Enquirer: 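The structure is given below, and queries will be raised subsequently.
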Amino acid sequence: MSSFIEGYKHRGMRRELVQLLYRKGIREERVLRAMETVPRHAFMDSAFVEHAYQDKAFQIGEGQTISQPYTVAFQTELLELKPGMKVLEIGTGSGYQCAVLVAMGAQVYSIEYNEVLHKRAKVVLSKLKYSASLFCGDGSEGLSAHAPFERILVTAGAPSVPQSLLEQLQIGGKLVIPVGDRNRQEMLLVEKDQEGKIRHKAYNYFSFVPLLGESGWAKV
Ligand code: SAM
C-alpha cells in the first residue's frame, strides 16, 4: 500500500535529497526542481516511507526496484529534456521516473512488462494527477505504434542497444540506455544527428535489473 499523505516533513526530506544530488554532480535545475516536487514516498510501500528520501534503490515487489534517486537524476539530466517533448520510457516500474518526466513537462509514453506493476503505477500516477500514456507489454522493441520519439529512456539493463529503438528515435533525438551484462551496465547516451547518423557516448557504470523480452535478456 502506498502512502499519499504529504507534509512538511516530506518536503524537507526532498529538499535535502536534492541538495545531495547537487553535491553528487547533478546540475540541471529543471531535473532538481522536478525531483523536489515529486513525492517519491507515494511510489513505494508505506512500510518504506521513512527511507523514501535516502539515495537508495528499493524493492517494489515482483522482484523489481525503484531506481536510486541519483540514477533517476543522472539519466534524466542526460536526456536534456525540454517541455512538450515526446518521450518513451521503457520500464515504468513504480511510476516514479515517469512522474519526474511529466513534472518536467514531457509528453510521456511508458511501458512496463510486469502486469502487476503496470496496474499499480497506473493507480498511483492517476491519484497524484501525473498524466501519462501507460502500456503493458514488452518494451525492449519500443512502442512502434506511437513512434517516433524525441527522447527514449530505458530504465532496465540491456544486453545491447535494440535496433528497433534506434529506428523509433526521431532525427535529432536522444536515447539513454544502460548496456552491459546482467549485473553491471555502462550508461550510454545515443544520439541521432540531423543526417540520421548514430553516435554513442559512454558514462559511468550502474547496476539495473535486467531488461527482459525479445531484445532483452531471457527470464531465468
Ligand atoms: N523507472 C522505474 C521507476 O521509476 O520505478 C524503475 C524501473 S526498474 C529499475 C526496471 C523495470 O523495467 C521493472 O519494473 C521491470 O519489470 C521493467 N522491465 C524489464 N524488462 C522490460 C521490458 N522488456 N519492457 C518493459 N519493461 C520492462
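Every number for a ligand or one of its atoms is a count from 1 in the order of the listing. Atom set for the values below is all heavy atoms of this structure, side chains included, hydrogens, waters and symmetry mates excluded. Computed from a predicted structure; not experimentally measured.
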Enquirer: Short list, please: which atoms of ligand 1 are under 4.0 Å from a heavy atom of V209?
Expert: 8 (S), 9 (C), 10 (C)
Enquirer: Please indicate whether any nitrogen or oxygen in E89 is less than 3.5 Å from any nitrogen or oxygen in ligand 1.
Expert: yes
Enquirer: Hey, is I60 one of the residues with a heavy atom under 4.0 angstrom from ligand 1?
Expert: no
Enquirer: Any atoms of ligand 1 less than 4.0 Å from a non-hydrogen atom of S94? List them with their elements.
Expert: 3 (C), 4 (O), 5 (O)
Enquirer: Going through the distances and angles, do S133 and Q107 end up as a side-chain hydrogen bond (donor to acceptor under 3.5 Å, both in side chains)?
Expert: CA-CA 8 Å; S133 304; Q107 184 195 339; over 6 Å; no
Enquirer: Under the criterion side-chain contact (heavy atoms from CB on, under 4.5 Å), which of E16, R15, K9 is the partner of M13?
Expert: K9
Enquirer: Under the 3.5 angstrom rule, does the side chain of S110 hit a backbone N or O of L134 as a donor-acceptor pair?
Expert: no
Enquirer: Transitively linked via ILVMFWY side-chain contacts under 4.5 Å: L153 with Y96?
Expert: yes
Enquirer: List every atom of ligand 1 that sits less than 4.0 Å from any heavy atom of T155, numbering the atoms from 1 in the order shown and giving each element.
Expert: 1 (N), 7 (C), 8 (S), 9 (C), 10 (C)
Enquirer: Set out, in order, the CA-CA distance, both residues' side-chain angles and the distance that settles side chain to side chain contact (heavy atoms under 4.5 Å, CB included) for L165 and I90, then state yes or no.
Expert: CA-CA 10 Å; L165 298 191; I90 298 164; 3.7 Å; yes
Enquirer: Answer with side chain, backbone, both or neither: which part of P210 has a heavy atom less than 4.0 angstrom from an atom of ligand 1?
Expert: backbone
Enquirer: Can you figure out which of F135, F43, Y113 has its heavy atom closest to atom 18 (N) of ligand 1?
Expert: Y113
Enquirer: Are any of the N/O atoms on L117, whether in the backbone or the side chain, positioned under 3.5 angstrom from an N/O atom of ligand 1?
Expert: no
Enquirer: Taking the non-hydrogen atoms of A99, is any one of them nearer than 4.0 angstrom to ligand 1?
Expert: no
Enquirer: Only heavy atoms of L211, strictly under 4.0 Å: list the atoms of ligand 1 that pass.
Expert: 20 (N), 21 (C), 22 (C), 23 (N)
Enquirer: Heavy atom of S67 under 4.0 Å from ligand 1?
Expert: yes
Enquirer: Could you tell me whether some N/O pair between F208 and ligand 1 is separated by less than 3.5 angstrom?
Expert: no
Enquirer: Pick one: which of V154, L78, V176, V179 meets side-chain contact (heavy atoms from CB on, under 4.5 Å) with L188?
Expert: V179
Enquirer: Salt-bridge test for R151 and E80: reply yes if a basic N is under 4.0 Å from a carboxylate O, no otherwise.
Expert: no
Enquirer: How are the rings of F43 and Y130 set to each other: parallel, tilted or perpendicular (split at 30° and 60°)?
Expert: tilted
Enquirer: Examine the proximity of ligand 1 to T65 and report which part, side chain or backbone, both or neither, has a heavy atom under 4.0 Å away.
Expert: both
Enquirer: Looking at Y96, which atoms of ligand 1 are within less than 4.0 Å of one of its heavy atoms?
Expert: 4 (O)
Enquirer: Quick one: pull up CD in E112 and CD in E89 and give me the separation to the nearest 0.5 Å.
Expert: 8.5 Å
Enquirer: Considering the heavy atoms of G137, write down every atom of ligand 1 situated less than 4.0 Å from one of them.
Expert: 24 (N), 25 (C)
Enquirer: Is the side chain of R27 donor-acceptor paired with the backbone N or O of Y22 at a distance under 3.5 Å, no angle test?
Expert: yes
Enquirer: For atom 1 (N) of ligand 1, which of the options G93, S207, P162, G91 provides the nearest non-hydrogen atom?
Expert: G91
Enquirer: Might you work through the side-chain hydrogen bond (donor to acceptor under 3.5 Å, both in side chains) test for S140 and E214, ending with a clear yes or no?
Expert: CA-CA 6 Å; S140 70; E214 197 60 33; over 6 Å; no
Enquirer: Is there a polar contact between ligand 1 and I66, counting only N or O atoms under 3.5 Å apart?
Expert: no
Enquirer: Would you check, one step at a time, whether the test side-chain hydrogen bond (donor to acceptor under 3.5 Å, both in side chains) holds for Y53 with H10?
Expert: CA-CA 8 Å; Y53 297 104; H10 298 115; over 6 Å; no
Enquirer: Where is the nearest protein heavy atom to atom 13 (C) of ligand 1: which residue, which atom, and how far?
Expert: Q64 OE1, 3.3 Å
Enquirer: How far is atom 22 (C) of ligand 1 from the closest protein heavy atom, and which atom is that?
Expert: G139 N, 3.6 Å
Enquirer: Note the single closest protein heavy atom to atom 16 (O) of ligand 1, along with its residue, its atom name and the distance in Å.
Expert: E112 OE2, 2.5 Å
Enquirer: State plainly whether one hydrophobic cluster holds both L88 and L81, where clusters connect Ile, Leu, Val, Met, Phe, Trp and Tyr through side-chain heavy atoms under 4.5 angstrom apart.
Expert: no
Enquirer: Can you sort out which atoms of ligand 1 are near Q97, meaning under 4.0 Å from one of its heavy atoms?
Expert: 1 (N), 4 (O)
Enquirer: Which residue owns the protein heavy atom closest to atom 20 (N) of ligand 1, what's the atom, and how far is it?
Expert: L212 N, 2.9 Å
Enquirer: If only atom types and distance count, is the side chain of K201 paired as donor or acceptor with the main-chain N or O of E191 below 3.5 Å?
Expert: no
Enquirer: Can you check whether N114 has an N/O within less than 3.5 Å of an N/O in ligand 1?
Expert: no
